[in-house]
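Since the structure comes first, as structure tokens, the remarks are kept for the end.
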Amino acid sequence: MAHFYDTHAHLGFPDFEDDLDDVVARAAAAGIVKMISIGTDLATSEKAIGLAEKYPAVYAAVGWHPNDLADAPPDVRDGLRALARHPKVVALGETGLDFYRQKDPAAQARQAEVFQQQLELAAELDLGCIIHTRDSFAPTLAQMTPFAGKIRAVFHCFSQDVAALRQVLSLGWLVSFTGILTFKNAQSVRDCLAAVPAGGFMLETDCPFLAPVPFRGKRCEPAYVQHTAAVAAQVKGCSLDNISAMTCATAEKFFPKLHGRLALS
């Protein structure tokens, strides 16, 4: 069986409170051998670390999401720096800008401030940075451009067009694809996958959101990476083993702590 990584999962969300042991077991059975649980504020970041300590196959990312800043301190770096010392913390994030939910200019400025702090911390700690951008691609890229060559970054849940993809790749950064890749109305996303070279993309679920076909509209979970991978293989005209090899190698380069013996739960 081809194996895969789920490079972006929110396993600490309430959606998984009742059956997380089963979710992790189903992932292993489906060949999803490593998962990264993503923080969106300090509490969920701490919870991600706790899950990484409990499950061998789970790793953690710590960060402040742009839509979760109500309780953020003026400077988030000290809190995240302390968490990032944990041996299973593999990245900062998710962080970025979201002007879809937030229209107020003052709130958008606050998002940019916290985003800047996390970009600076990623450079300081040499950790990859997981980027959220919604209705904000141009300002996100503008804020990040001074960090080109200084940080590793992945634009998670990539759903822009090929022109935007080329901008990301030209700056040395990566993209990651979710179950959106399988949606009938997502040809533009498949066009992006067709255009991105091996080494430029990873796979994720963003669970509990964005379950791929045939589970669209239901709770997503890491096991479903296999369905996204199957469509990725069709788009790239290669085997599942090829998709496994290229995406896992990319993930291990981007998240060096993932490298090594497969962690089966």
Side-chain angles (χ1 to χ4, degrees), residues 2 4-11 13 15-16 23 26-27 30-32 35-36 38 40 65-67 93-94 96-103 130-141 153-170 173-240 242-244 246-247 250-251:
F4 296 97
Y5 300 160
D6 184 354
T7 61
H8 194 110
H10 295 283
L11 299 178
F13 276 18
D15 308 69
F16 298 112
V23 167
R26 283 194 294 270
I32 317 306
M35 296 157 271
I36 301 175
I38 308 295
T40 58
H65 190 288
N67 292 327
E94 66 188 280
L97 303 175
D98 191 320
F99 296 169
Y100 175 80
R101 293 188 184 179
Q102 187 53 259
K103 310 295 186 185
I130 299 167
I131 308 302
H132 172 102
T133 180
R134 190 172 185 190
D135 283 4
S136 58
F137 181 75
T140 299
L141 207 64
V154 57
F155 283 66
H156 107 92
C157 190
F158 194 76
S159 57
Q160 308 293 323
D161 58 17
V162 172
L165 168 72
R166 288 176 176 149
Q167 287 182 279
V168 171
L169 297 179
S170 72
W173 296 323
L174 309 180
V175 296
S176 185
F177 295 102
T178 65
I180 292 175
L181 191 73
T182 71
F183 296 177
K184 290 183 179 179
N185 63 348
Q187 185 58 45
S188 63
V189 178
R190 290 185 287 277
D191 290 342
C192 285
L193 175 58
V196 65
F201 72 98
M202 298 184 285
L203 299 178
E204 60 167 288
T205 58
D206 200 18
C207 66
F209 313 110
L210 303 173
V213 175
F215 302 101
R216 187 175 181 180
K218 299 179 181 179
R219 184 191 73 172
C220 190
E221 59 181 76
Y224 297 168
V225 169
Q226 62 178 321
H227 299 280
T228 302
V231 172
Q234 293 172 6
V235 171
K236 297 303 259 182
C238 65
S239 69
L240 271 177
N242 290 148
I243 293 293
S244 167
M246 69 176 72
T247 58
T250 301

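Heavy atoms only: backbone and side chains are in, while hydrogens, waters and symmetry mates are out.
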**Message:** With side-chain contact (heavy atoms from CB on, under 4.5 Å) as the criterion, how do Phe177 and Cys192 come out once you've worked through the C-alpha distance, each side chain's angles and the decisive distance to 0.1 Å?
**Reply:** CA-CA 10 Å; Phe177 295 102; Cys192 285; 4.2 Å; yes

**Request:** Under the side-chain hydrogen bond (donor to acceptor under 3.5 Å, both in side chains) rule, collect the residues that match up with Asn67, sequence neighbours excluded.
**Result:** Asp98

**Asked** Which pair of heavy atoms, one from Ala211 and one from Lys218, lies closest together, and at what distance?
**Response** CB-O, 3.5 Å

**Request:** List for me each residue that meets ring pair (Phe, Tyr, Trp, His ring centres under 6.0 Å) alongside Phe215, sequence neighbours excluded, and say none if there are none.
**Result:** Tyr224, His227

**Request:** Please name all residues satisfying ring pair (Phe, Tyr, Trp, His ring centres under 6.0 Å) with His10, sequence neighbours left out, ordered by chain then number.
**Result:** His8, Phe13

**Fill in**
Sequence neighbours excluded, the answer for side-chain hydrogen bond (donor to acceptor under 3.5 Å, both in side chains) partners of Thr228 is none

**Fill in**
Taking every heavy atom of Gly93 against every heavy atom of Ile38, the minimum-distance pair comes out as O-CG2, 3.6 Å

**Asked** What is the distance from atom OH of Tyr5 to atom CD1 of Ile32, rounded to the nearest 0.5 Å?
**Response** 11.0 Å

**Side-chain heavy-atom pair Phe209, Asp15 within 4.5 angstrom cut-off** = no

**Asked** Quick one: does Ile243's side chain get under 4.5 Å of Cys238's, heavy atoms only?
**Response** yes

Can you give the donor-acceptor pairs under 3.5 Å from side chains of residues 157-167 to other protein atoms, not counting sequence neighbours?
{"residue": "Asp161", "atom": "OD1", "partner": "Ala163", "partner atom": "N", "Å": "3.3"}
{"residue": "Asp161", "atom": "OD1", "partner": "Ala164", "partner atom": "N", "Å": "2.8"}

**Request:** Only pairs at least two apart or in different chains count here, so list each salt bridge (Lys or Arg N to Asp or Glu O under 4.0 Å) that has a residue in residues 189-205.
**Result:** none

**Asked** What distance do Ile131 atom CD1 and Phe137 atom CZ have between them, rounded to the nearest 0.5 Å?
**Response** 11.0 Å

**Fill in**
Those residues at least two apart in sequence (or on a different chain) that pass side-chain hydrogen bond (donor to acceptor under 3.5 Å, both in side chains) with Thr205 are Asp6

**Request:** Applying side-chain hydrogen bond (donor to acceptor under 3.5 Å, both in side chains), name anything that partners Arg134, two or more places apart in sequence or on another chain.
**Result:** none

**Request:** Hey, could you give me the CG/OG1 distance between Leu210 and Thr178, rounded to the nearest 0.5 Å?
**Result:** 4.5 Å

**Asked** Closest approach of Val189 and Ile180, non-hydrogen atoms and distance?
**Response** CG2-CG2, 3.9 Å

**Prompt:** Which atoms form the tightest heavy-atom contact between Trp173 and Leu169, and what is the distance?
**Reply:** O-CD2, 3.4 Å

**Asked** Any chance NZ of Lys103 has more than 12 other-residue heavy atoms, nucleotides or ligands included, within less than 6.0 Å?
**Response** yes

**Message:** Could you measure the distance from the CZ atom of Arg101 to the CG atom of Asp135? Nearest 0.5 Å is fine.
**Reply:** 11.5 Å

**Prompt:** Which pair of heavy atoms, one from Phe99 and one from Pro139, lies closest together, and at what distance?
**Reply:** CE1-CG, 3.7 Å

**Prompt:** Under 3.5 Å, side chain of Thr250 to main-chain N/O of Met202, donor-acceptor pair present?
**Reply:** no

**Prompt:** With sequence neighbours excluded, what pairs up with Ser239 under the side chain to side chain contact (heavy atoms under 4.5 Å, CB included) test?
**Reply:** Asp241, Asn242

**Message:** If you compare all heavy atoms of Pro222 against all heavy atoms of Leu11, which two are closest, and at what distance to 0.1 Å?
**Reply:** CG-CD2, 3.9 Å

**Asked** Partners of Glu221 by salt bridge (Lys or Arg N to Asp or Glu O under 4.0 Å), sequence neighbours excluded?
**Response** Arg26, Arg219

**Under 3.5 Å donor-acceptor, Ser244 side chain and Phe4 backbone** = no

**Message:** Working note: Thr133 + Ser136, criterion side-chain hydrogen bond (donor to acceptor under 3.5 Å, both in side chains); need CA distance, chi angles, decisive distance, verdict.
**Reply:** CA-CA 6 Å; Thr133 180; Ser136 58; 2.9 Å; yes

**Message:** Measuring from atom CZ of Phe201 to atom OG1 of Thr247, what distance do you get when rounded to the nearest 0.5 angstrom?
**Reply:** 6.5 Å

